[in-house]
2 protein chains.
Amino acid sequence: MNRKATDPRGTGARSATLKDVAEVAGVTTTTVARVLKESGYVADATKARVLDAVAATGYRPNSLARSLRQSRSHVIGHLLKSTVPNPFYVEVARGAEEEARARGYTILTANVQHDAETERRAVETFLGWRADGLVFSTPADAANVEYAQSLGVPLAQVERPRSLVGHRLVVRNYPSAVAAMRHLVDLGHRRIAYVGAELLPETGPAALYGYVERERFDAWRDVMRDIGAATDGLARFGEAYTIDQPTAQGHGYQATQMLLRMADRPTAILASNDILAAGALQAIHEAGLRCPDDISVVGFDDTLAGFLTPLLTSVRLPARRLGATAVRMVIDEIEGKGPPGQHLALDAELVVRRSTGPFPLRR
Amino acid sequence: MNRKATDPRGTGARSATLKDVAEVAGVTTTTVARVLKESGYVADATKARVLDAVAATGYRPNSLARSLRQSRSHVIGHLLKSTVPNPFYVEVARGAEEEARARGYTILTANVQHDAETERRAVETFLGWRADGLVFSTPADAANVEYAQSLGVPLAQVERPRSLVGHRLVVRNYPSAVAAMRHLVDLGHRRIAYVGAELLPETGPAALYGYVERERFDAWRDVMRDIGAATDGLARFGEAYTIDQPTAQGHGYQATQMLLRMADRPTAILASNDILAAGALQAIHEAGLRCPDDISVVGFDDTLAGFLTPLLTSVRLPARRLGATAVRMVIDEIEGKGPPGQHLALDAELVVRRSTGPFPLRR
DNA sequence: CTGAAAGCGCTAACAT
DNA sequence: ATGTTAGCGCTTTCAG
């Protein structure tokens, strides 16, 4: 058998090339290629011989060579801000992978946590592989997004876009937060606290980043105003969580402790994510109170909700669809099937579980 | 400026090639290459001109071309069994990525959940990209691993190896489970229940897969025997969790309900993972009991532990190191720096939090 | 110290 | 219905 090519590891397993197949089938590489991509006319007899040869040689197309030749890699680079401890991004990644595979693309993933420098290097790596498009699932730094954009690479930003370039995909946080609040109000609550991450300024580049928290907070404020409830001292902001110290004993825990010490303490809490809500549940438990009997809690993201005690009422984000849609937009743009720079907002859904109950208590 | 090459999207952003740089610097591609990889003699003056040209053209090496030419892609394919809802695999992925980047490799990831067919396709994709090595972070099907092995691709299996090929990396579950049990025994517990996933047969291909659960169970059984405690009715097996219905209300919950109904109910529970432990906490809470006052709980994996109420005592797995080490072994083999087929076991560590307390109660 | 030339495996335009 | 040919961008001998 033909073994003239390189075989670095000496495994004797150099994979067959088109040429190998062609020789076995007694045709040229062109014909083999035609058979494999089912284009152009090939006689049935030849076709059969070629397919036999493909099977006999164990031929496997070389994506490297194809990409180089076509100046199209069919690779999408996916930059994930973080995946720990928040499974949200894992689902985004899955959605992205499924969509890409369905369209014949491969996803290159980089977990960049929240580091601008790591993100920059990942962009360079992806461009080195001549990725046809990029997806930033929550960009760490606007500069990186704009850099890629300036190079003409089709790209999408998922949640918390950092700038106005490329496709932007967000969650409609406001209405779902309003729904969560309405749920509490319908249960009879009027004294509802808000435990969230720090709000960033409304202007400047941070405005984009902060809109998730801002929308959730605005919903709380607006509903409270609509029902004519007092809000003094009921909104607590702090650091949602630190990636390297995943624990419920952070801001959610501490803020709730303070709320419970208030003379006129709240009867319900809207937390801006499940991690904060987990901290709230912990504080409630330690204070000897019961949820939802003494106080109701609503989370956001629906990541930990199903594992907490009691099962947490939370707002579920369309994570998988977010990833899939971002990839679809980018591929459509690459293939000239869709316009660039689309802006889309997907709906989230309130999942009612057991951490919310009526007030005043019926017993 | 030279724009003869393809520019499919008409962005005017065709990236510069070695040739472009060479023309600007007034040398040949050979010289540019020499400067870039800092090998061979290049006059300082030429070097400077080349570097200027690199900067001026915005040259970025084409990994596709380099890989094709060298028959070495510097790509490692990473097959992840699942990432939801268990953050364990996310950490494995991070470890793998960090190690790979440090060694100049790129990781291609595929989330294959638990599906053998998806896994097979991912292997094909990776081989299509001529990955230099593969890492199966918990293989779904032995056949896929053996197939890759038969092709001579260096590979590693992380936890739950399905066959005896390639590098195998596991966690020393037994001693850490013994440590967890000793912790409970030291607290005065003698009636300790075990809530785990179904044990698979000890022989046949499933034996490899089942060893994780088997080791954790064996530790429970052995310690119980050592302290002369009765074990009748105290071991409960079931489905740990279903990927698409992430909830604490599964086996852990139900098994604990049954345990709590026993006449001589256990004073502590060893759960074989945090999800089962979350279910146990839920059942305890709903039964009107308190943890650890009435019953202690120990989890495994330390994934949800930090978010549960009360904070769960759990065994932390060296997830990041697992991923990094698997990649290191594979790269070492690729580069001829290490032997193939290594078998390594890493230690896990008991993290004591608040779900475990003394028995009998001191109050 | 630098250059010329071949070729990695594939595709696509152009023959025949 | 099949073949010829010319590269994609890079690395690697081999010359000079």
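Because the structure is a prediction, the values reported are computed rather than measured. Letters A, B, ... are given to chains in the order of the sequence lines, protein chains preceding strands, and every chain is numbered from 1.
- Not a single donor-acceptor pair under 3.5 Å links the side chain of B:Ser73 to the backbone N or O of B:Ser67.
- Checked by atom type and distance alone, the side chain of A:Asp141 never pairs as donor or acceptor with a backbone atom of A:Glu119 at under 3.5 Å.
- Closest heavy-atom contact between A:Val123 and A:Ala148: CG1-CB, 4.5 Å.
- Closest to the side chain of A:Arg34, out of C:dG3, D:dG3, C:dA12, is D:dG3.
- Distance from the side chain of A:Gln70 is smallest to C:dT11 among C:dG3, C:dT11, D:dG9.
- The side chain of A:Val27 sits closest to D:dG3 out of C:dC1, C:dC10, D:dG3.
- Between A:Asn111 atom CG and B:Ile107 atom CD1 the span is 10.5 Å, to the nearest 0.5 Å.
- We find that CH2 of B:Trp129 is positioned 16 Å from P of C:dG9, with the value rounded to whole Å.
- Between B:Leu68 atom CG and D:dT12 atom C1' the separation is 14 Å, expressed in whole Å.
- Residue A:Tyr41 places no side-chain N or O under 4.0 Å from the OP1 or OP2 atom of D:dG3.
- If you take NZ of A:Lys19 and C1' of D:dG3, they are 15 Å apart, rounded to a whole angstrom.
- Distance, B:Glu38 CD to D:dT11 C1': 17 Å, rounded to whole Å.
- Taking the six-membered ring where the residue is Trp, B:His74 and B:Tyr105 present tilted rings, their angle falling between 30° and 60°.
- Listed nucleotides D:dA6, D:dT2, D:dC10 differ in distance to A:Arg69; the shortest reach to its side chain belongs to D:dA6.
- Spacing between atom CG of B:Leu18 and atom C1' of D:dC8 amounts to 13 Å, rounded to whole angstrom units.
- Rounded to a whole Å, the CG atom of B:Asn62 is 18 Å from the P atom of C:dC8.
- Of the candidate nucleotides C:dA4, C:dC10, D:dT2, C:dA4 has the atom lying nearest to any side-chain atom of B:Thr30.
- A:Thr46 comes within 4.0 angstrom of sugar-phosphate atoms only, judged by non-hydrogen atoms across all strands, and of no base.
- When the nucleotides D:dT12, D:dA1, C:dG9 are ranked by their closest atom to the side chain of B:Lys37, D:dT12 comes out on top.
- Rounding to whole angstrom units, NZ of residue B:Lys47 and P of C:dC1 are separated by 10 Å.
- Between the P atom of D:dG9 and the CD atom of B:Glu23 lies a distance of 12 Å, rounded to the nearest Å.
- If B:Val42 and A:Arg66 are placed on DNA chain C by their nearest nucleotide, the residue sitting closer to the 5' end is B:Val42.
- Close to D:dT4, at under 4.0 Å from its OP1 or OP2, lies no side-chain N or O of A:Thr28.
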